[in-house]
Amino acid sequence: MKILVTGGAGYIGSHVVKELGRRGDEILVYDNLSNGHDWAVLYGRLVKGDLSDNGFLEEVIKEFSPDAIMHFAASIQVEESVREPLKYYRNNIMNTINLLEVMVKDGIRNFIYSSTASVYGIPEKVPVSEDTPLNPINPYGFSKVAIERILNDLSKAADFNYVSVRYFNVAGADPEGRIGQAYREATHLMTRALKTAKGEFNKLQIFGTDYPTPDGTCIRDYIHVDDLAVAHLLTLDYLLKTGKSRSFNCGYGHGYSVREVVEAVKKITCKDFKTEEVGRRPGDPPVLIADSSRLKNELNWSPKHADLDYIIMTAWEWEKKLD
Ligand code: UFG
């Protein structure tokens with residue numbers, strides 16, 4: 001199969017490229033390298049390009065003529081989206097529309113969309129299933145809901161099918177240590193905690209200790225990036241086989257609080273570090289835990305790394321390699 005991967009030089013995209021490459025798919029990565037790295041593309045060809053550049057994008061898509069496009073290129077930080085909503089609406093909504101327009105024009109009908117648990121906002125019930133109403137509470141989540149809505153409309157109006165994969169908290173790194181999270185400004189909990197353990201920061205801030213959770217800090221469902229990558233291949237095969245447009249949650253169905261993650265990071269790294277309890281971070285829902293029964297039952301997804309210590313260990317090995 002010929003697969004075009006936008007954002008394939010980034011954290012999640014590069015792990016998906018690794019899995020596609022392993023099974024022999026032909027890959028073209030389209031990435032502007034704003035957060036991605038050329039060394040992260042382990043298979044296929046990398047083309048440096050921006051999704052806002054319609055002309056170039058169309059040229060690349062026409063020439064490669066993919067069977068499907070997997071779309072990872074996006075801005076992804078909840079807190080930043082609250083401060084800079086327009087950046088999120090431009091990158092995540094307008095650029096995706098550009099891509100979809102080119103796809104429709106060139107008759108490319110299969111699309112895998114990188115969505116998020118942020119689409120649910122503060123869900124009434126956890127674990128969260130795909131039927132939960134979409135009620136985002138931050139611009140990042142809204143940008144993803146907007147595209148899901150557009151995809152739904154498009155699938156009815158054109159010869160176009162999609163799968164939207166809604167991720168919970170992705171963490172960990174390639175067990176062979178070749179790729180991992182390498183954002184220039186990392187804000188995610190696991191990465192911040194590991195960088196603090198490494199001595200890059202003198203303390204880790206804990207955002208909010210008064211949430212309605214057992215220890216007062218937010219609970220998230222942390223999933224190893226390789227399990228998520230495999231889930232993408234399953235959804236891709238499903239889409240190519242059935243042509244059905246669907247959404248799938250991807251998480252383990254088990255949550256850890258911020259404090260639990262911090263303690264686990266200290267244990268795995270054998271490093272003690274200072275923490276500081278500060279106020280809530282805007283845009284954070286208290287608890288997000290996935291109900292991934294659909295992915296497990298319908299696509300036989302069987303995660304291999306559902307273990308917080310293992311996730312931290314692979315991320316720590318990776319983090320130690322970074323400057
Ligand atoms: N946190 C801290 N200190 C930090 C960083 C984070 O206390 O230095 C807390 C946050 O306030 C939050 C939790 O750790 O309560 C997790 O925060 P992250 O920034 O690691 O991740 P988010 O839950 O905000 O968002 C991530 C992805 C989204 C995805 C979401 C789904 O970035 O794309 O998980 O659960 F939608």
Side-chain angles (χ1 to χ4, degrees), residues 7 10-13 35 72-83 88 91-92 113-123 126-128 132 134-145 147-148 164-172 181 183 185-197 200-213 215-223 225 228 249-265 273-292 308 311-312 315:
Y11 172 49
I12 296 172
N35 274 315
F72 296 94
S75 299
I76 56 154
Q77 290 172 0
V78 169
E79 183 266 346
E80 183 189 49
S81 80
V82 177
R83 279 187 288 113
Y88 279 69
N91 275 350
N92 296 1
Y113 182 56
S114 176
S115 190
T116 168
S118 285
V119 296
Y120 299 117
I122 302 179
V126 283
V128 192
T132 305
L134 306 186
N135 259 325
I137 59 164
N138 51 60
Y140 169 67
F142 177 73
S143 71
K144 293 283 171 175
V145 171
I147 292 299
E148 286 211 16
S164 171
V165 190
R166 297 177 182 154
Y167 326 150
F168 286 65
N169 287 56
V170 190
Q181 205 171 73
Y183 296 135
E185 286 172 46
T187 62
H188 288 105
L189 175 64
M190 193 89 73
T191 312
R192 287 296 285 212
L194 290 169
K195 285 188 185 298
T196 311
E200 236 172 84
F201 302 105
N202 60 9
K203 64 183 177 209
L204 177 82
Q205 291 191 318
I206 294 181
F207 298 131
T209 53
D210 59 348
Y211 285 99
T213 61
D215 70 15
T217 64
C218 288
I219 293 176
R220 295 288 183 271
D221 186 341
Y222 294 89
I223 171 180
V225 62
L228 178 72
N249 280 346
C250 193
Y252 291 145
H254 184 87
Y256 294 94
S257 72
V258 173
R259 287 192 209 278
E260 285 172 328
V261 171
V262 171
E263 286 316 307
V265 167
F273 52 84
K274 266 202 275 178
T275 55
E276 180 190 18
E277 295 181 1
V278 296
R280 293 182 176 197
R281 192 176 69 172
D284 277 345
V287 182
L288 278 174
I289 298 173
D291 175 348
S292 297
L308 186 66
I311 295 174
I312 295 172

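Side chains are part of it too, since the values below use all heavy atoms of this structure and drop only hydrogens, waters and symmetry mates. First listed ligand is number 1; within each ligand, the first listed atom is number 1. By convention here, the first residue in the shown sequence is residue 1. Values in this document were obtained by computation on a predicted structure and should not be read as measured data.
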- Item | Option passing side chain to side chain contact (heavy atoms under 4.5 Å, CB included) with Ile122 (candidates Asp284, Val287, Ile137) |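 Running side chain to side chain contact (heavy atoms under 4.5 Å, CB included) over Asp284, Val287, Ile137 with Ile122 returns exactly one hit, Ile137.
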
Under 3.5 Å: N/O of [X] near N/O of ligand 1:
X	answer
Tyr140	yes
Asn169	yes
Ala117	no
Arg220	yes

- Message: Strictly below 4.0 Å, N to O, side chains only: are Glu79 and Arg281 in salt-bridge contact?
- Response: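 Here Glu79 does not pair with Arg281 in a salt bridge, since their nearest N and O are not under 4.0 Å apart.
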
- Rounded to the nearest 0.5 Å, how far apart are OG1 of Thr187 and NZ of Lys195?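 The distance works out to 11.5 Å.
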
- Query: At a non-hydrogen distance cut-off of under 4.0 Å, which region of Met190 contacts ligand 1 (side chain, backbone, both, or neither)?
  - Reply: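 None of Met190 does.
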
- Between Val78 and ligand 1, which residue portion shows a heavy-atom distance shorter than 4.0 Å: side chain, backbone, both, or neither?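 Answer for Val78: side chain.
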
- Query: What do the steps show when you test Ser75 against Tyr140 for side chain to side chain donor-acceptor pair (under 3.5 Å), and what is the final call?
  - Reply: CA-CA 8 Å; Ser75 299; Tyr140 169 67; over 6 Å; no

- Task: Specify the closest pair of heavy atoms between Pro139 and Ser81, including all atoms of both residues, with the distance to one decimal.
- Result: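 Result for this residue pair: CG-O, 3.0 Å.
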
- What heavy-atom pair brings Ala315 and Leu194 nearest, and what distance separates the two atoms?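 Residues Ala315 and Leu194, closest heavy atoms: CB-CD1, 3.4 Å.
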
Going by heavy-atom distance to [atom], choose the closest among [options].
atom	options	answer
atom 12 (C) of ligand 1	Asp284, Ile76, Thr187	Asp284
atom 9 (C) of ligand 1	Val170, Val258, Val278, Val128	Val258
atom 24 (O) of ligand 1	Glu79, His188, Arg281, Lys144	Arg281

Numbered atoms and elements of ligand 1 in range of [X], under 4.0 angstrom, heavy atoms:
X	value
Ser118	29 (C), 36 (F)
Cys218	15 (O)
Leu204	8 (O)

- Is it true that atom CD of Glu185 has more than 12 heavy atoms of other residues, nucleotides or ligands lying nearer than 6.0 Å?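 It does not: Glu185 CD has 12 such atoms or fewer within range.
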
- Task: If the plane angle is over 60° it's perpendicular, under 30° parallel, otherwise tilted; pick one for Tyr222 and Tyr256.
- Result: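 If you compare the ring of Tyr222 with that of Tyr256, the planes turn out tilted.
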
- Task: Starting from atom 3 (N) of ligand 1, find the nearest protein heavy-atom neighbour and note its residue, name and distance.
- Result: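 Sorting protein heavy atoms by distance from atom 3 (N) of ligand 1 puts Gln205 O, 2.7 Å first.
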
